2 protein chains.
Amino acid sequence: MQDNLSRTFAALADPTRRAILAQLSRGEATVSDLAQPFLKNMSLPAVTKHLKVLEKAGLVSKGRHAQWRPCTLNTEPLRDAVGWMEQYRIAWEEQLDRLDAYLQTKTKGTHHDL
Amino acid sequence: MQDNLSRTFAALADPTRRAILAQLSRGEATVSDLAQPFLKNMSLPAVTKHLKVLEKAGLVSKGRHAQWRPCTLNTEPLRDAVGWMEQYRIAWEEQLDRLDAYLQTKTKGTHHDL
DNA sequence: CTATTATTTAACTTAGCAGTTAATTATCTA
DNA sequence: TAGATAATTAACTGCTAAGTTAAATAATAG
C-alpha cells in the first residue's frame, strides 16, 4: 500500500480500529485502556497490531510513561481524507438536486400535493 | 468485511479505485473508458475487479446499453463516510487551536512579532 | 451463422491482513 | 534481585485481495 491516503482509508476500514479512534477522540488512553472493550473478542496482541496500523497511517501517536504507552489521536490524516472526499461534494449535491427534482415531479401528479 | 462503512473505506484504500471514482465524478463512462488510463499498468479483468469492489461498496452503479456497461458514481456511501469523520471535527479543531496557541507562544518571545 | 467488440468469469499465484498462543522486553515496586 | 504489570515480538494459520492469462458470455454487424 504505497501512499498515505490509501494507508489512511485502509486503517479506517475496520470497525475495531474505528472504535479505537472514537475512544481516543475522548482523550489520551493507554494500550490496555484501548484494548479493554475488545478483550472479550480478541487478544491483546491483536489490539497492538491494530494500533500499529493506525500509527503507520499517522492517526495515532504513542508516548512513553513508565511501562505505559499513552496513545493520542492525530487528526491530520482525517483532514486529508475528508479533503479528498470534498472534491465529490459538487457531484453529490447534484445527486441530491436530482433526487429533489424527482420527488417533486413524483408528487406533482398524485393526490398527495398540498 | 462486515459493515458498509468498512466496505466503503476499503474501496477507497486503493489509488486505482480512487482514480476511477474521480473519472466518474466527471460523468458516466463505460468499463473500457474507465480502464483506458490503466491499461499500460494492468489488465482489463483487473479493472473489472476494481469496479466490482466499488459496486459492492455501493459507490458505482452499472447499467446496460448494448454490449456496454455504462457506470455512474453513487455518492451516498461517500456522504456516510464523511458523516462518520465529522464526529472528529471537534477533536481536530481542538488540535488546530492547540497548534495555534503554540505558535502564538512561540512567536511571543522572539523578535518576529509585529 | 460468423466475426468483432465489450465485458466477465475461471483458475491460479502471490502477498498481506487479522487473528492466535507463547515467549520476550520494559518498567516499576517490594 | 525477584515478582508483577504493560506492551511487544515471534512464529504460525487461515482468509482474502490484487494481479495474471485464457476461456466464456453478451450484443452488434455483416
Side-chain angles (χ1 to χ4, degrees), chain A residues 1-21 23-24 27-73, chain B residues 1-21 23-24 27-72 77:
Chain A
M1 186 153 337
Q2 323 107 25
D3 60 295
N4 290 333
L5 205 45
S6 296
R7 254 187 298 271
T8 299
F9 282 128
L12 296 175
D14 181 285
T16 302
R17 288 194 292 261
R18 289 197 304 276
I20 289 173
L21 293 179
Q23 194 169 340
L24 284 176
E28 188 175 284
T30 68
V31 174
S32 17
D33 289 342
L34 293 169
Q36 185 265 320
F38 307 111
L39 292 180
K40 280 130 195 161
N41 310 308
M42 77 180 68
S43 67
L44 189 60
V47 176
T48 296
K49 283 192 180 183
H50 281 303
L51 279 170
K52 191 147 286 183
V53 172
L54 292 167
E55 273 188 281
K56 279 185 182 158
L59 285 159
V60 165
S61 301
K62 222 176 284 179
R64 314 192 72 150
H65 184 248
Q67 66 265 64
W68 296 278
R69 299 295 118 98
C71 302
T72 53
L73 179 64
Chain B
M1 186 153 339
Q2 322 108 24
D3 60 296
N4 290 332
L5 206 45
S6 296
R7 254 187 298 272
T8 299
F9 282 128
L12 296 175
D14 181 285
T16 303
R17 289 195 290 263
R18 289 198 304 276
I20 289 173
L21 293 179
Q23 194 169 340
L24 284 176
E28 190 175 282
T30 68
V31 174
S32 17
D33 288 342
L34 292 169
Q36 185 265 321
F38 307 111
L39 292 180
K40 280 129 195 161
N41 311 307
M42 76 180 69
S43 67
L44 190 60
V47 175
T48 296
K49 283 192 180 183
H50 280 304
L51 279 170
K52 190 147 287 183
V53 173
L54 291 168
E55 273 189 280
K56 278 184 183 157
L59 286 159
V60 165
S61 301
K62 220 176 283 180
R64 314 191 74 150
H65 185 248
Q67 66 265 65
W68 296 278
R69 300 293 119 98
C71 301
T72 53

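To find a chain, count down the sequence lines: A is the first, B the second, and so on, and within it residues start at 1. These figures come from a predicted structure and were not determined experimentally.
- For the pair A:D14 CG and C:dC17 P, the interatomic distance rounds to 12 Å; values are reported in whole Å.
- Between the side chain of B:R17 and the backbone N or O of B:L12, no donor-acceptor pair lies under 3.5 Å.
- Between A:T16 atom OG1 and A:N41 atom CG the span is 8.0 Å, to the nearest 0.5 Å.
- At a threshold of 4.0 angstrom between heavy atoms, the contacts of A:T16 with the nucleic acid are absent.
- Distances shown here put every side-chain N or O of B:K52 at or beyond 4.0 Å from the OP1 or OP2 atom of D:dA17.
- Remark: the backbone N or O of B:Q2 is paired with a side-chain donor or acceptor of B:R7 at under 3.5 angstrom.
- One interatomic measurement links the two molecules: CD of B:E55 to P of D:dA17, which rounds to 15 Å at whole-angstrom precision.
- Between the NZ atom of A:K56 and the P atom of C:dA18 there is a distance of 11 Å, given to the nearest Å.
- Side-chain N/O atoms of A:K49 include none lying less than 4.0 angstrom from OP1 or OP2 on D:dT8.
- The interatomic distance linking A:K62 (NZ) with C:dT25 (P) rounds to 18 Å, in whole Å.
- Here the shortest heavy-atom pairing between B:S6 and A:A13 reads O-CB, 3.6 Å.
- Separating the CD atom of A:Q2 from the C1' atom of C:dG16 is a distance of 13 Å, rounded to the nearest angstrom.
- A:F38 has its CZ atom 14 Å from the P atom of C:dA18, to the nearest Å.
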Detail all sub-3.5 Å separations between protein N/O atoms and N/O atoms belonging to nucleotides 23-26 of chain D.
from   : atom 1 : to    : atom 2 : distance (Å)
D:dA26 : O3'    : B:R64 : NH2    : 3.3

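- Phosphate contact (OP1/OP2 of C:dG19, side-chain N/O of A:H50, threshold under 4.0 Å): present.
- When the C1' atom of D:dG19 is taken as reference, atom CG of B:L39 falls 14 Å away, rounded to whole Å.
- Side-chain contact between A:C71 and A:L24 is present, with heavy atoms from C-beta onward closer than 4.5 Å.
- Phosphate proximity of C:dT20 to A:S43: present, with a side-chain N or O under 4.0 Å from OP1 or OP2.
- Between the C1' atom of C:dA26 and the NE2 atom of A:H65 lies a distance of 14 Å, rounded to the nearest Å.
- The residue A:D33 sits apart from the nucleic acid: no heavy atom pair falls under 4.0 Å.
- Among all heavy-atom pairs drawn from A:K62 and A:L51, the shortest one is NZ-CB, 4.3 Å.
- Looking at every heavy atom in both residues, B:P70 comes nearest to B:H65 through CD-N, 3.9 Å.
- Looking at which nucleotide of DNA chain C each of A:N41 and B:W68 is closest to, the 5′-most match is held by B:W68.
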